[in-house]
Amino acid sequence: MTAQIIDGKQVAADMRAELKAEVAKLKEQGIVPGLGVILVGEDPASKSYVTAKERTCEEIGIYSDDNRLPAETSQEELMALVEKMNNNPKINGILVQLPLPKHLNEAEVLLAIDPAKDVDGFHPMNVGKMVVGEKGFLPCTPHGVIQLLIRSGVTIEGANVVIVGRSNIVGKPLANMLIQKQPNRNATVTVCHTRTKDLAHQTRQADIVIAAAGRPNTITADMIKEGAVVIDVGVNRVEDATKKRGYRLVGDVDFEAVKEKASFITPVPGGVGPMTITMLLYNTVESAKRKQKTEDRRQRENSD
Ligand code: GUN
């Protein structure tokens, strides 16, 4: 079997077109969704992510408040900026790009973000809501993976899903989201990691394999059941002298071999990657809509 390649760029473009139309409708009601962006330091990968986020905001019509701070910014300065954004009515979502420089306390910063503006879904309040199945903000990469599956027509309900990787950003939240008792979830999930005894034994049982280990060639063709769906969340730089920048990006999956055995597969780049930013902006628009709903309700209550 040769797999159908899931075009994440196209799925993301479709979702962005939907968001753009929604933002245009909100603007008719005088609502402009806003995203506050904070980047501390000069990490090149973080800089390019943040630039891409701001560019996509502009494309969709979302206001973005861009804050690039020097690497030596203090915890107090960063906390003060978060507090300012918490209190700014023009900002519906706050994004603090991670990782922060070593001297800064990441957990304290994430905890300071108003959970109603936590469009990354990293605040413990939103993590807790996700686990118990309440409405909060879902983290962007795992939510993007689920959207890719749904929009490709893959059945999640009842599927045996094996996730390789247990990070707080991908593996753990994805497992929690997929076991929820709700439509397009209801999967049976196994989470594998570096201490898993026989990884290939686990992945061979899977209808859907999600690789989020952060290591090239973690998933090879012999580890996949014929006709399985393979989603590659990995983004790894490998040296490549033929490239001008000296490296190329590969995922965690041996794409060329696995695609001959799978039914669906995502490429790297161009698979899960483009979905992450899209889901961030989806959450930002959602946040603006929720705020408006709350204000409308308050107004109705006051006029009763
Ligand atoms: N760094 C890498 N991925 C992410 C993400 O999804 N959100 C934030 N804030 N930082 C990141």
Side-chain angles (χ1 to χ4, degrees), residues 8 12 15-16 34-57 62 64-69 71 73 78-79 81-82 85-86 91-102 104-127 130 136-148 165-174 176-177 210-215 231-237 249 251-252 268-269 271-287:
M15 286 197 77
R16 290 209 287 262
L35 178 70
V37 180
I38 304 176
L39 169 64
V40 186
E42 301 291 328
D43 178 66
S46 290
K47 271 165 105 171
S48 73
Y49 286 140
V50 163
T51 302
K53 283 168 187 172
E54 283 158 356
R55 203 182 322 118
T56 318
C57 277
I62 294 174
S64 80
D65 177 6
D66 179 12
N67 295 268
R68 300 194 182 211
L69 310 178
T73 299
L78 184 54
M79 295 292 278
L81 180 56
V82 168
M85 287 186 174
N86 281 342
I91 290 180
N92 303 103
I94 300 173
L95 169 98
V96 179
Q97 186 65 30
L98 304 178
L100 289 169
K102 288 273 178 292
L104 294 170
N105 182 339
E106 211 161 87
E108 190 185 32
V109 173
L110 295 181
L111 201 57
I113 295 173
D114 178 352
K117 297 189 177 187
D118 170 39
V119 286
D120 255 330
F122 291 164
H123 190 289
M125 171 87 88
N126 284 317
V127 176
M130 172 194 65
F137 288 111
L138 296 174
C140 303
T141 301
H143 195 192
V145 167
I146 291 178
Q147 286 301 315
L148 267 187
R166 56 176 158 184
S167 71
N168 288 336
I169 292 186
V170 184
K172 278 188 212 163
L174 195 46
N176 276 289
M177 287 156 77
I210 301 171
R215 194 171 53 102
I231 304 292
D232 193 349
V233 189
V235 184
N236 307 295
R237 288 181 179 194
L249 291 181
D252 291 352
V268 177
V272 174
M275 293 300 290
T276 299
I277 296 180
T278 304
M279 300 321 295
L280 177 80
L281 303 185
Y282 171 90
N283 280 348
T284 306
V285 173
E286 185 62 28
S287 174

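Nothing here was measured: the structure is a model prediction, and the numbers come from that model. Note that ligands are numbered from 1 as they come in the structure, with each ligand's atoms numbered from 1 the same way.
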inquiry  = As a test of understanding, state which of Thr51, Ile62, Ile277 forms a side chain to side chain contact (heavy atoms under 4.5 Å, CB included) with Thr56.
reply    = Ile277
inquiry  = Strictly less than 4.0 Å: does any protein heavy-atom distance to atom 3 (N) of ligand 1 fall in that range?
reply    = no
task = Could you check which of Asp43, Leu98, Val235 puts a non-hydrogen atom nearest to atom 10 (N) of ligand 1?
result =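 Residue with the shortest heavy-atom distance to the ligand atom: Leu98.
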query = Could an N or O of ligand 1 be found under 3.5 Å from any N or O of Asp120, whether backbone or side chain?
reply = yes
request  = Looking only at distances, please establish whether an N/O atom of ligand 1 is found under 3.5 Å from an N/O atom of Gln97.
outcome  =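 Yes, since at least one N or O of Gln97 sits under 3.5 Å from an N or O of ligand 1.
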task = Please identify which atoms of ligand 1 are closer than 4.0 Å to at least one heavy atom of Leu95.
result =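 Near Leu95, meaning under 4.0 Å from one of its heavy atoms, ligand 1 has 9 (N).
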task = Please identify which atoms of ligand 1 are closer than 4.0 Å to at least one heavy atom of Val96.
result = 8 (C), 9 (N)
inquiry  = If the contact criterion is a heavy-atom separation under 4.0 Å, does Phe122 count as touching ligand 1?
reply    =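 Yes; Phe122 lies near enough to ligand 1 that a heavy-atom distance drops under 4.0 Å.
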Working to the nearest 0.5 Å, report the span between [atom1] of [X] and [atom2] of [Y].
X      : Y      : atom1 : atom2 : answer
Leu69  : Leu100 : CG    : CG    : 10.0 Å
Lys53  : Leu95  : NZ    : CG    : 4.5 Å
Asp65  : Cys57  : CG    : SG    : 10.5 Å
Ile210 : Ile146 : CD1   : CD1   : 7.5 Å

request  = Measure the shortest side-chain to side-chain distance between Val127 and Asn168 over non-hydrogen atoms and say whether it is less than 4.5 angstrom.
outcome  =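 Contact flag for Val127/Asn168 side chains = no.
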